[in-house]
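Input: a single structure, listed below in structure tokens.
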Amino acid sequence: MAVTPNTNDTFLREVDEELRRDQAIAVWRKWGRLIVVGVVVALVAFGGYLFWQHRKAEAAGAEGEQLQAAYDKLAAGQKDAAAKPLAELAQSSADGYRALAIFTQADLLLQKDDLKGAAAKFASVANDSSVAQPFRDLALVRQTTAEFDTLKPDDVIARLRGLAVQGNPWFGSAGELVAAAYLKQGRRDLAGAMFGRLAKDEGVPESIRQRAVQMAGTMGVDTVGANEGQNKQ
């Protein structure tokens, strides 16, 4: 008696399923232990990552409190008491806290007229590739300010040329230093042009704009628009 097509299809499916079961059992017998170990390792790794993230968040919170405590001590005039926590934070693995601590250490050195020491602190941030670029750029400006009297004008200009452009967040400070370097070179035309741009840029801090208006005026640079903008404020 001939086998019907439906019965044949059913038979083939059963054979195929049986074959797959046999293959799965063979694979499990051969690799099952390794698969279990792999899953366990993955779970342990994931759990470790979550724990590390938790500890990292806790550490960041603790360092934030430590930095605030140091600032409170400084506000109270307790500079010596603030020195230790700042020194610890200056070694932090958290880039932001580390940079802020070093900036504060540098500012304290500036208060002692230790320009060389302050410049070295700022330079350590400026040269730290793990720190966010805005921090590094600001550190470079502060470093150059501390070193200005000992640097050649050409070096100041070369160092800050990329920052002394309109639209850069540090245009005011960098531009003022570059303009002063031009003056030391005797390039009043370039200095006047830079002071003029500073005077007219509303994104530049007001104190720098006021100085720029005065300096530009002594060089015959038109800053009428800048004066009007300041009078409206």
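If you check the side chains of Ser93 and Arg98, you find no donor sitting under 3.5 Å from an acceptor. Side chains of Lys121 and Gln143: a donor-acceptor N/O pair is absent below 3.5 angstrom, by distance only.
To the nearest 0.5 angstrom, Gln214 atom CD is 9.0 Å from Thr218 atom OG1. We find the OG1-CZ distance between Thr144 and Phe122 to be 10.5 Å, quoted to the nearest 0.5 Å. Atoms NZ and NZ, on Lys79 and Lys73 in that order, are 15.5 Å from each other to the nearest 0.5 Å. Atom OG of Ser173 sits about 11.5 Å away from atom CG of Leu140, to the nearest 0.5 Å. The structure places CZ of Arg142 at 14.0 Å from CG of Asp137, a figure rounded to the nearest 0.5 Å. Between Phe148 atom CZ and Leu115 atom CG the span is 13.0 Å, to the nearest 0.5 Å.
Contacts of Gln68 classified as side chain to side chain donor-acceptor pair (under 3.5 Å), with partners at least two apart in sequence or in another chain: Asp72.
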(request) Just do the side-chain contact (heavy atoms from CB on, under 4.5 Å) check on Leu100 and Phe135 with the steps written out, would you? (result) CA-CA 9 Å; Leu100 288 172; Phe135 273 121; 4.1 Å; yes

(request) Go through the steps to decide whether Phe195 and Leu183 satisfy the test side-chain contact (heavy atoms from CB on, under 4.5 Å), and finish with yes or no. (result) CA-CA 11 Å; Phe195 282 127; Leu183 282 179; 4.0 Å; yes

(message) Does Leu110 form a side-chain contact (heavy atoms from CB on, under 4.5 Å) with Asp107? I'd like the steps, not just the answer.
(response) CA-CA 5 Å; Leu110 288 176; Asp107 285 335; 3.9 Å; yes

(message) Determine whether Phe171 and Arg197 satisfy the following criterion, side-chain contact (heavy atoms from CB on, under 4.5 Å), listing intermediate values before the conclusion.
(response) CA-CA 10 Å; Phe171 171 52; Arg197 288 195 292 273; 4.1 Å; yes

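Here the side chains of Leu67 and Pro85 are not in contact, with every heavy-atom distance at 4.5 Å or above.
Counting all heavy atoms, side chain and backbone alike, Val204 lies closest to Gly172 at CG1-CA, 3.9 Å. Val221 and Gly196 make their closest contact through CG1-CA, 4.0 Å (heavy atoms, listed as atom of the first residue, atom of the second, distance). Shortest non-hydrogen contact noted between Arg209 and Leu198 is CG-O, 3.5 Å. Glu63 and Ala94 make their closest contact through OE1-CB, 3.6 Å (heavy atoms, listed as atom of the first residue, atom of the second, distance). Smallest separation of non-hydrogen atoms from Val178 and Met194: CG1-CE, 4.1 Å. Between Leu108 and Leu74 the shortest heavy-atom distance is CD2-CD2, 3.9 Å.
Checking side-chain atoms of Trp170 against main-chain N and O of Leu160 turns up no donor-acceptor pair under 3.5 Å.
There is a path of hydrophobic side-chain contacts, each under 4.5 Å, that joins Leu138 to Leu151.
The neighbour count for Arg187 CZ, taken as heavy atoms of other residues, nucleotides or ligands under 6.0 Å away, does not exceed 12.
Ion pairing between Glu147 and Arg159 holds under the 4.0 Å rule for side-chain N and carboxylate O. With salt bridges taken as basic N to acidic carboxylate O contacts below 4.0 Å, none links Lys116 and Asp114.
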